[in-house]
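What follows is one structure encoded as C-alpha cells, with my remarks underneath.
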Amino acid sequence: MDYREMGLIAGIEIHQQLDTREKLFCHCPTTLRDTAEHSGEFFRYLRATESEMGEIDRAAQEEMKRDRKFQYYTYDTTCLVENDEEPPALLNSEALDVCLTIAKMFSMTPIPQIHTMRKLVIDGSNTSGFQRTALIAINGSLPNGGKIETICLEEEAAQRVKDDIFSLDRLGIPLIEITTSPCMHTPEEVQQVAEYMGMVLRSTGKVKRGIGTIRQDVNISIKGGARVEIKGVQELELIAEVVKREVQRQKELLTIRDELNKRKADINLNEHKDVTDLFKNTKSTILKKAKRIYAQNLKGFAGLVGREIQPDRRLGSEISDYAKVCGVGGIFHTDELPAYGITAEEVDKVRKVLNAKEVDCIVLLAGSSDKQATCALNQVFNRAKSALKGIPEETRKMLEEGSTAYMRPLPGAARMYPETDVLPVLINDARWKGVKVPELLQIKAERFLKEYGIERNYAGQLASSEKLPLFERAIKEGIKPKLAAFTILSTSTELRREGIEIRNISDDAYLTVWHSVEKGKVAKEGIPDLLRLVASGSTVETAIQNLGPSISREEVESIVKKIISERSEFIQQRGKAALGPLMGVVMAEVRGSVDGKVVSEILKRELEKSLAAKTP
Amino acid sequence: MAVVKLDSGYNIGVTPSLCKFIEHPKIEPTKRLEVTQDKKLSELSIISTGGTIASRIDYRTGSVTSQFDASDILIAIPELAKVAQYHTKSLYTILSENMTPKIWQDLAKAVYEEIKRGVTGVIVTHGTDTMAYSAAALSFMIDTPVPIVFVGSQRSADRPSSDNTMNAVCAASVAKSDLGEVVVVMHATTNDDFCAIHRGTRVRKMHTSRRDAFQSIGMPPLGTVSYPSREVKLENFAVQRGIHKLALHEKLEQRCGMVQFYPGMSPDVLKGYEGYKGLVIAGTGLGHVSTTLIPGVHNLIESGTMVVMTSQCMHGRVCDRVYDTGRDLLTAGVIEGNDMLAEVALVKLMWVLGNEPNPMKARELMQTDLKGECMRRSAHGL
C-alpha cells in the first residue's frame, strides 16, 4: 500500500511516567500497589461543570450519558490530595526538572511562566473530575526532520481496578506528555519516531520502567478521512500495525460511504419501532431480559453493516460501541441474523413491522430501562448517520493485536480551565541554562563498544537496561566492564529464567560480588551460585563462606595433578583432546571457587607435561 | 507576566513586552438557561451570601471567588428543581471570612422577612469558614417555626467532584422537613452517601478541607439526609416545625472579643480589651489562665467587661471550682461558660449584651440554655 499516495498523516503523543520521589501535586511516594493491600474505600458521583467558556465539554457530556458512581481504593501511600479532599501542593520541582531536561534534549523552547490547568475528565479516573496539566515547552525537533510540538507535565490518572472501581496509588504520579506534529507519513516512520523518543526519555534515567509506564497515543488521518486518536498503545512493536489497521479502517469506511451514497441510503430516527412485545418468548437471553427493545431501520445499509473494516471489526462493531456508551451490552443487526438465539421468523416479523426492504439493515437494541434504550437508540442513529458522511472524529482505544474500538468523541478545547490552587512557576534563564543534558543511550552504547570492547549487541542492551546505573557505578569503582556486563545481561537473565527472585539482589550486593571476584576471593564461575544465595536472603559474605573457602593456586595444581594421574589411561587414549572432559572434572572438584581461566591454564600445562613424559 | 490562552486550551505566562495589541475580543453574552420551577412543590427561599457553593473563577486574580447569585445556583444544580420551588435572594457575595456581626443582622432580617412571607423553609448559602458563627448568630436572633438551613461546599463548585450538589439537595430536603430550628447541613462522610444535620449552636468546622469537616460537638447530629434518595431522618431531640413562634431579636453588642490563652501570655494582651462590653476567654483544660493574668481579668470585670470562660479543649465542660486558679477566676467575677463552644459563647455574649441591659440578668442568661448551646448533661461516648 502506498501510504503517501493515500495521504496518511500521523502524529504521536507519548505519555511516560516519571520516576520521581514524590507525586506531582502531593508528597506521596510514586509507588504502585497491589490492590489487595488497599486500606480504605470511598465513593463519589462526578458531574460535568461549566467550563470558563460556559459550555460543557462534548467528551464530558458523553460520559454524562450514564449516571455513574465511582468507587476508589486508598492506601497508606496515598493522602487527602488523591482523595480530592485537600488542595494540591506546589508543582513538584523534581518532575519539572526532568521535563526541562527532556525539553532541552529535543532543542525546545521552555514556557517563561508555567500555568497548571484542569483538563476535564469525568470517566472517574480522576477523583477531582479533572486532570492537572501544564504546558512546559514548545517547538522541538526530531532527527528525521519532524517536529515536536509540545511537552506537558500532567498527573497520571487512577488505575481502573474493574468497572467503576479505581485505585488511587497511580493517581498523581508525574506524567510527561510529548506531542509530535502530524509529520509522519508511513506506519514504519511512526514506529521509528516512537522508538527514538522512548530512547531519549530513558536517557534521563528518571523515567519509570515496565508495562504501563509508557503509553503511546497515535493521531491518524488519510485523505478524505478524519482525525482519529488511538489511545494507549502500550507495546511499541504494535505501533506500525495499529497505523496500518487504522488506514485500512478509514479506507473501508470511505468505500462504505460511497456505496451508501450510490444506494441513496438514508436514516430517519422516526423509522424505529418498539418491538419489545415481539420478543416476549424469544430464545435470545439478552432480548428476553430486556425491559425495552427498539428496532431501527437503516435504509440501504444491508450487507454493509456486517462488512469487515479491520480484522474482526465491522461497521456493526462501530455502531455497537456507540450504543455501549449508554450502558447496553451491544446491538444486533440483520446482516448477522438469524443467530444468537434470534430466529429467522423473528427477523421476518421485525422486518415486516418496519416495512423493511431487502436492501435495508435493521439494528436491534435492548435496554434495561426506557432511558437506556432511548439513549442507545440515539447513539445508533448518530453513528449510522455519520457513516453517510464518512468517518467521525473520535478517540479510540486499542484492542489486542492492533484493531481499535470507539471510546468517545475527540475532546474540544473547552475542557481546559485554570487550576487556581497551584501557583504559576517561573522558568528564568538561570534555571534553563542550568539544565544538564544527559548522554543519549544510543551514544552511550557506542561508547561501551569502543571504550570497553563490549559487543555491539550487548552494548545496546546494556544502555537500555534498567541496571545501567549499576553498570556505570561498577565502572567507576574499577570493576572490569565485561564482568559487570556479563553478570547484568547474561547471568541475571539465566537466574531469572530459573525462577530466582533477582529483584532481591541489591546493587550493593552485585558490587560486593564483583569486588570479591576482582580480589580473587571468588572465581567468576562462582557468581551464579553466590547470587542464588543472595537472592534467597543471604548476605554476600555469608554466601561466600557457604560456598567454601577459596582455593590457592598450589591447591589447584595438586588437584590437577591428582586427577591427571588417576586418569592416565584416558589421557593416553585421547591425547590433547582430553583437556575438555578433564576441565569439567576439575571444575566440579573446585566447585566454582577458582577462575576457569586459571584452571584451564594449569590443566593445559600439566596435561602437556604428562603427555610429553609418557611419549617414548 | 501576561497570561495567554492558547488554542489548545493551555494558559502560559509570557513577558508582556513580547505581546502586541491586536484587538479586543468580542464579548459574547453567556447563554443563560431558563429556570423552570414546579409550582406544585413547596416554596423555599434561598438566600445567598457567597462562598464555595456558588463560586467561579476570577480571571483577574486567577483565584476562585464568589460571584454567582442565587438563581445561578439553580442553573448549576438542576437537581434542586425536583425538591421544591425557590424564591432566591442574593444578599451578599462575600467570602465568609469577611462576614461581620452587621451582616449577621442583615441576614437575620432577610431570613425573618422570608419566613414572614410564609415560605416552608429557608436555605442560606454560606462560605464554610465562618458558617458556624453565622448559624449560631441566627439561632439566637430568630425564634423560628421553620427550618433555617445553612449550607456550603468544601470543594469549589467549578469542579465535577464538588460536594455542592449533594449538600444543596440535602439542605433543600431538610428545609421542607419537620424541623424547626437553625441548622447546618453538610457531608457526613467523605462518600457522597449522606449529609448530617447539625444544630447551629453546636456545630464546628473541624477540618480545613475535607467534605465532612462539619461536626456536632458535645451532641450527636440532629439527623441525616440520604443521597440520592433525599430521605430525611430526624432524632427525637430535634426541635419540631411549628414549636416556636416567629420572632426577630436582631440587636447585637458588637464590642465583644475573644482571646485564646497560651502559656506565657502577657497581661498586656488583656489591656487591649479595655472598654469592651464582653470578652470570651478560651482557657486551658477546665477553663484556666495563668495566675499572672488574674489581676488583669479582675480589672476588666471591675471596669464593666463581662468575661466568660470557655475551654480550648472544645469537648467537655468548664469547671473553675476544682483548682485554685479557677476559684480565683470565679472570685474575680468570671462567668463559667458551661460546655459552650468558645465562638458560640462569643456570639451569644453579643446577643445577650445587646438585648439584656441588666448585668445580673445578662450573667444569668449566659449560663442559661437558650438555643441548645448549653447541654445540661455531658453525655458519654461523644
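Proteins get letters first, then strands, A, B, ... in listed order; numbering begins at 1 in each.
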Kindly compute the distance separating [atom1] ([X]) from [atom2] ([Y]), expressed to the nearest 0.5 Å.
X: Ser161(B); Y: Asn83(A); atom1: OG; atom2: CG; answer: 11.0 Å
X: Lys69(A); Y: Asp193(B); atom1: NZ; atom2: CG; answer: 8.0 Å
X: Ile136(A); Y: Ile12(B); atom1: CD1; atom2: CD1; answer: 11.5 Å

| request: Can you tell me which residue pairs pass the ring-ring contact (aromatic ring centres under 6.0 Å, His included) test with a partner in residues 106-132 of chain A, sequence neighbours excluded? | output: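 Pairs touching residues 106-132 of chain A that pass the test: none.
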Check whether any side-chain heavy atom of [X] sits under 4.5 Å from a side-chain heavy atom of [Y], and report yes or no.
X: Tyr10(B); Y: Lys119(A); value: yes
X: Gln154(B); Y: Glu86(A); value: no
X: Met1(B); Y: Pro424(A); value: no
X: Arg44(A); Y: Thr190(B); value: yes
X: Leu135(A); Y: Leu6(B); value: yes
X: Arg47(A); Y: Thr165(B); value: yes
X: Tyr45(A); Y: Pro228(B); value: yes

| request: Under 4.5 Å, counting heavy-atom pairs only, tell me which of Phe42(A), Tyr72(A), Phe43(A) racks up the most with chain B. | output: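 If we count pairs closer than 4.5 Å to chain B, Phe43(A) comes out on top.
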| field | chain A contacts, top residue of Thr208(B), Asp192(B), Asp212(B) (heavy-atom pairs, under 4.5 Å) | value |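 Option with the greatest count: Asp192(B).
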| Asp84(A)/Arg159(B) ion pair, N-O < 4.0 Å |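 Salt bridge present between Asp84(A) and Arg159(B).
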Does any heavy atom of chain B fall under 4.5 Å from the side chain of [X], the backbone, both, or neither of them?
X: Ser128(A); result: both
X: Thr150(A); result: neither
X: Leu426(A); result: side chain
X: Leu80(A); result: side chain

| field | Heavy-atom pair of closest approach, residues Ser209(B) and Pro87(A) | value |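 Taking Ser209(B) first and Pro87(A) second, the nearest heavy atoms are CB-CD, 3.9 Å.
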| task | Return the minimal non-hydrogen interatomic distance between Pro160(B) and Leu120(A), and the atom names on each side. | result |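 For Pro160(B) and Leu120(A), the tightest heavy-atom pair comes out as CG-CD1, 3.5 Å.
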